[in-house]
Amino acid sequence: MTLIFTQSDWDGLHEQAPVTCPDNIILDEFEEITGVPDYLGQGYGWGTELLPGVWLNFEDIEYRQDLGVKVSAHKHPIQMTIFLSGFLDCNIHPTFDCTRSYLSGSGISPAYLEQYRDPQHLTFVNIEIEPDVMESFFLNDRQRQSDLVKQLFKGEDWKVSFYPRVTPAMRSLALQMWNAPYRGAAKRMYLQGKVFELLAMYLDLIAEDATRNQSAPSLKPETIARLHYAREILTTQFAQPLSLPQLAQQVGLTHRSLQRGFQTLFSMTVMDYLQQRRLEQAKQLLRQGDRTVAEVAMRVGYGHLGNFASAFKRRFGITPSQCLAGKRAIKAD
């Protein structure tokens with residue numbers, strides 16, 4: 001059985017859990033450490049506010065059972081997360097692991113459920129930056145008006161998320177932060193530099209990916225925002241999605257503009273994205289092991305079991321039954 005917690009309960013449990021600082025971790029006075037309740041698992045997390053509005057955290061945890069954390073819609077900072085071991089399932093994102101990281105712009109995050117699986121050893125680095133801090137880096141209006149920069153600052157609109165591949169340089173940088181060679185003020189300065197070096201890597205990687213799509217710049221900024229809104233709707237309503245005309249009306253585009261724009265911006269059709277989200281969620285549910293293949297197929301919106309099995313195998317290289325039995329996919333997630 002999966003234990004489900006609210007975000008506030010989850011944070012409170014970890015803050016109140018007793019913790020003994022491991023011998024291999026040397027903390028400075030500006031860093032804080034938290035533990036894990038014994039009945040949930042073992043491990044610890046530690047971190048600090050490096051600058052006003054810039055937080056850095058490390059987690060090294062093993063949970064003893066399947067857990068879920070329900071997070072309601074909320075205002076979201078700029079965030080970067082790199083996993084060094086283990087994986088995290090989230091119902092509005094693809095699985096995060098050692099090969100796929102997370103970069104989120106600021107804005108409004110939809111509600112979601114993140115899930116931790118037993119048994120696995122989770123180690124990851126997480127960074128959060130308030131948008132006001134980032135704005136100071138862009139010195140003129142031309143920089144602020146670039147498509148890439150505007151995606152980091154969505155204000156009261158839905159935030160934009162990216163899932164960059166973890167390059168050897170990014171992993172090395174995360175490990176350098178984990179094993180900072182300095183103490184005191186020098187350590188803090190070192191970590192500050194590494195955080196912004198990692199952000200620069202992310203922005204360069206995303207900009208490089210964007211240049212591969214030559215037609216995307218032809219889309220108006222307002223159209224791009226509406227297309228991202230359409231993707232967020234598909235992300236949260238994939239089991240019972242709106243029809244294409246209904247979705248187009250919901251986001252304020254014509255049917256044709258939605259189809260063409262989605263393909264241009266995200267390099268896949270609306271239906272391809274919908275199928276991807278359904279199959280990612282199906283994989284998460286099958287890993288839990290408490291539902292049949294047929295139940296999972298119905299839950300993610302497949303009415304025909306054969307179509308579900310065929311699509312699942314094309315996507316992950318194994319059948320749903322093999323996934324349910326615990327076999328790992330032979331294709332990259």
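With rounding to the nearest 0.5 angstrom, the CG atom of Leu324 is 9.0 Å from the OG1 atom of Thr319. The CD atom of Gln284 sits 10.5 Å away from the SG atom of Cys323 when rounded to the nearest 0.5 Å. Leu244 CG to Leu253 CG: the interatomic distance, rounded to the nearest 0.5 Å, is 12.0 Å. To the nearest 0.5 Å, atoms CG (Leu27) and OG1 (Thr48) are separated by 10.0 Å. Between the CZ atom of Arg231 and the CE atom of Met268 there is a distance of 8.5 Å, given to the nearest 0.5 Å.
Remark: Glu280 engages Arg315 in a salt bridge, criterion side-chain N to carboxylate O under 4.0 Å. A salt bridge links Asp89 with Arg287: at least one charged nitrogen is closer than 4.0 Å to a carboxylate oxygen.
The residue from Trp178, Phe30, Trp55 that alone fulfils the ring-ring contact (aromatic ring centres under 6.0 Å, His included) condition with Trp46 is Trp178. Of the options Phe162, Phe266, Phe262, Trp158, a ring-ring contact (aromatic ring centres under 6.0 Å, His included) to His228 is made by Phe266 and by none of the others.
Ring geometry for Tyr102 against His76 counts as perpendicular: the plane angle is over 60°, on a 0 to 90° scale with 30° as the lower cut.
Using modelled atom types and a 3.5 Å distance limit, the side chains of Gln7 and His74 yield no donor-acceptor pair. Side chains of Ser72 and Lys70: a donor-acceptor N/O pair is absent below 3.5 angstrom, by distance only. A side-chain donor-acceptor contact under 3.5 Å links Gln79 and Asn126.
Annotation: His14 is not in aromatic contact with Tyr44 [ring centroid separation under 6.0 Å not met]. Taking the six-membered ring for Trp and the full ring otherwise, Phe87 and Phe83 have centroids separated by 6.0 Å or more.
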